[in-house]
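Right, one structure below, let's go through it.
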Amino acid sequence: MAGACPCHSIFLIAERYETLVIQKKNPIDLLFSVITAGASFMVILLVIGIFAILLKESSLSIGKFGFIKFIVTNEWNPVTELFGAAASIYGTMVTTAIALIIAIPIAIGIAVFVTEIATDFLKGPIGAAIELLAAIPSIIYGMWGLFTVAPIMTKYIEPALQKSLGLVPLIGMLFQGTPMGIDLLTASVILSIMIIPFTASISRDAFNLTPAVVKESAYAVGATQWEVVRDVVLPYSKMGVFGGIVLSLGRALGETMAVAFVLGNNHQITSSLFSAAATITVTLANEFTEADKDIYLSSLFHLALVLFMMSFIVLAAAKFLLFKAERKINR
Amino acid sequence: MNIERRRKAENIIALFLSSLAAFSGISWLVFILGDVLIHGIGALKLSLFISDPVPPGVEGGGLRNAFAGQMLITLFATLIGVPFGVLGGTFLAEYARGTRVAAVVSILSDIMVSVPSIVIGTFIYAVLVKPLGHFSGWAGATALAVIMIPVVLRTTEDMLSLVPWTLREAAFALGAPYYKVIIQVVYRAAATGIFTGILLAVARVAGETAPLLFTSFNNAYFSLNMNGPISSLTATIFQYAMGPYDDWHAQAWAASFVITATVLLITIVGRILISWRLK
């Protein structure tokens, strides 16, 4: 990476000087540099544009309900034209949290397997399988979830959970009601399968940054493979792994099609994971084209704005963590 | 002795669990692909590609409109998104290399890659659908292009950065201006990489549904008019899978199969190209 040696910055200054000299000489070159600059500023323009447009479109809703009050109000009624996002935000947070709880151990397990255990013969196929899992469009996960996972959840997994964990006081609260398959738990499971590849591949990259010498010296004093992972690799790469987890969190927040099929779009806050719910994305997907009144549409834009800000902050944090992790290794 | 035995046992358990995790990852892939294959192949008929949908509840019909619409939207998204992405990436890797501006754009692009695609759908709705008063294929294509730009931009930047600086110096030494060096030397050296980036970006947007729901919307009839609502495979899958008819479900599976096979094929070709390039 950049900054690895002090000579690099000198090199950069030399490069830039060279560029300037050439630009002055040639008008076509100036034109080309302006065109390419314009194309890359498009990204900045898009970020600002999305924020500004969403803010403008939701101004009606912000004016009527208030930005903060909208977030904490649990009311979604197109008939009385009263809107609050609490139920949708709750659904987004619950599905994301459960998906992460399921996905993190599996993803780290995969990363450990691929970097430390697998022979070269197995590394390729498993790595490829994980990459392919990440490439499958989210609507396919949704279809699969609706027609395959939901029935399995209804028939086997949810009744089993109800009979075991459902009887434990306090935790049992999460598993009340008739298992229908179209609920928070099913959506979370599908979401977790979707984010496993992201978390796994970033964790793998973070693990790979551990210098081989450090690992070898641990082996030399008699550490077992697990001890090397636990006491050498994980401490060394924890920032990178954490960054990967935060990135997956950002992805899970905004996932639409994988959960839209199996969540039921029900604006209620319930303690049971066996009840239909709504996330911000599901609400948008289901209701955006049906919004017939200005305040309704404006409230939906308000939801989109909240989602955009949430995921932007989370993704920026992830980027920052991954950047710091990389710098720490390079130092 | 006791401690050693415990350490060994711990080791075996930990290794077993992580192997289990790895194989569960593979089994999910097999499970999903197998499911799509089994349901999709059965419903795959020639009529799917050459006939249009029939009224709901009536047997038969196909998704010719959705295939045509999907291709049209993806094609125009690529035509709009790729130039911005490639040129923008060129600026970051060449003219602005090492500057703060490049770092900011690069980080923003990384964030934009993961920003929820449905938010981009709402943005395009506000910009291109609401003012014009109707859904349009152009809006859909633009939404997908917005998703594509940061992806292509970042891969282009990375691929151009891989081209050794000495190669440019060699060209400078011959008196070539920078733009000529970029177009005739750097682009050529990085062509495979840039092409792969474009391929992967196409694969990414070809399976996008959320940004199309309220931009290109859907259309039950065959239409190539980019100015009006246009059908896409993914939006049709959503509509058909949520619908009550078995025939619709079968067609949704078939469409899912086609789209999965296409996306995975493009992705695999891209991966092979990139590993071949980096070798």
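Each chain gets a letter, A, B and so on, in the order its sequence line appears, and its residues count up from 1.
- Counting heavy atoms from C-beta on, the side chains of A:Thr224 and B:Ile12 never come closer than 4.5 Å.
- The choice from A:Pro125, A:Ala285, A:Ala318, A:Gly250 that makes the most heavy-atom pairs within less than 4.5 Å of chain B is A:Ala285.
- Taking 4.5 Å as the limit, some side-chain heavy atom of B:Phe135 sits within range of a side-chain heavy atom of A:Thr289.
- In summary, of the residues considered (A:Leu54, A:Thr256, A:Thr281), a side-chain contact (heavy atoms from CB on, under 4.5 Å) with B:Val119 occurs for A:Leu54 alone.
- Going from atom CD1 of B:Ile32 over to atom OG1 of A:Thr148 covers 9.5 Å, rounded to the nearest 0.5 Å.
- Interface remark: B:Thr122 contributes backbone and side-chain atoms alike to the contact with chain A (heavy atom separation under 4.5 Å).
- Atom CD of B:Glu94 and atom OG1 of A:Thr36 lie 9.0 Å apart (nearest 0.5 Å).
- Of the atoms belonging to B:Ile266, not a single heavy atom falls under 4.5 Å from chain A.
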Self-check item: Verdict with reasoning, A:Phe288 to B:Ile118, per side chain to side chain contact (heavy atoms under 4.5 Å, CB included)
Solution: CA-CA 11 Å; A:Phe288 208 84; B:Ile118 196 160; over 6 Å; no
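- Minimum heavy-atom separation, B:Ser19 to A:Ile117: OG-CD1, 4.4 Å.
- Heavy atoms of B:Val263 lying under 4.5 Å from chain A belong exclusively to its side chain.
- How far NZ of A:Lys319 is from OG of B:Ser109: 10.0 Å, rounded to the nearest 0.5 Å.
- In this structure, CG on B:Leu15 lies 5.0 Å from CD on A:Gln225, to the nearest 0.5 angstrom.
- Classified by interplanar angle (parallel below 30°, tilted 30° to 60°, perpendicular above 60°), the ring pair A:Phe301/B:Tyr125 is tilted.
- Heavy-atom distances place no part of B:Leu20 under 4.5 Å from chain A, backbone and side chain included.
- For chain B, the option among A:Ile28, A:Ile126, A:Val112 with the highest count of heavy-atom pairs below 4.5 Å is A:Ile28.
- Only the side chain of B:Leu92 has a heavy atom closer than 4.5 Å to any heavy atom of chain A.
- Contacts with chain B were tallied for A:Ile53, A:Val47, A:Ile106, A:Ile139; A:Ile139 has the most, counting heavy-atom pairs under 4.5 Å.
- Using a 4.5 Å cut-off between heavy atoms, B:Asp35 contacts chain A through its side chain alone, with no backbone atom that close.
- No part of B:Ala203 comes within reach of chain A, as not one of its non-hydrogen atoms sits under 4.5 angstrom from that chain.
- By number of non-hydrogen pairs under 4.5 angstrom with chain A, the leading residue of B:Lys180, B:Glu208, B:Lys130 is B:Lys130.
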Self-check item: Test log, rule side chain to side chain contact (heavy atoms under 4.5 Å, CB included), inputs A:Ile136 and B:Leu264
Solution: CA-CA 7 Å; A:Ile136 296 176; B:Leu264 289 188; 4.2 Å; yes
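- Of the two parts of B:Ser114, the backbone and the side chain both hold a non-hydrogen atom closer than 4.5 Å to a non-hydrogen atom of chain A.
- Only the side chain of B:Ile268 comes within less than 4.5 Å of a heavy atom in chain A; its backbone stays farther off.
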Quiz prompt | Stepwise side chain to side chain contact (heavy atoms under 4.5 Å, CB included) check, B:Val101 with A:Phe41 | solution = CA-CA 9 Å; B:Val101 180; A:Phe41 291 154; 3.5 Å; yes
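- Contact tally against chain B (heavy-atom pairs below 4.5 Å) for A:Ile196, A:Leu303, A:Leu46: the top residue is A:Leu46.
- Contact count against chain A (heavy-atom pairs under 4.5 Å) is highest for B:Met242 among B:Met242, B:Arg168, B:Arg204.
- Between B:Val36 and A:Trp144, every side-chain heavy-atom pair lies at or beyond the 4.5 Å cut-off.
- If you look at A:Phe113 and B:Phe23, their ring centroids are closer than 6.0 Å.
- The contact between B:Leu213 and chain A is made by backbone and side chain atoms together, counting heavy-atom distances below 4.5 Å.
- Between B:Trp253 and A:Phe147, the two ring planes are tilted [angle within 30° to 60°].
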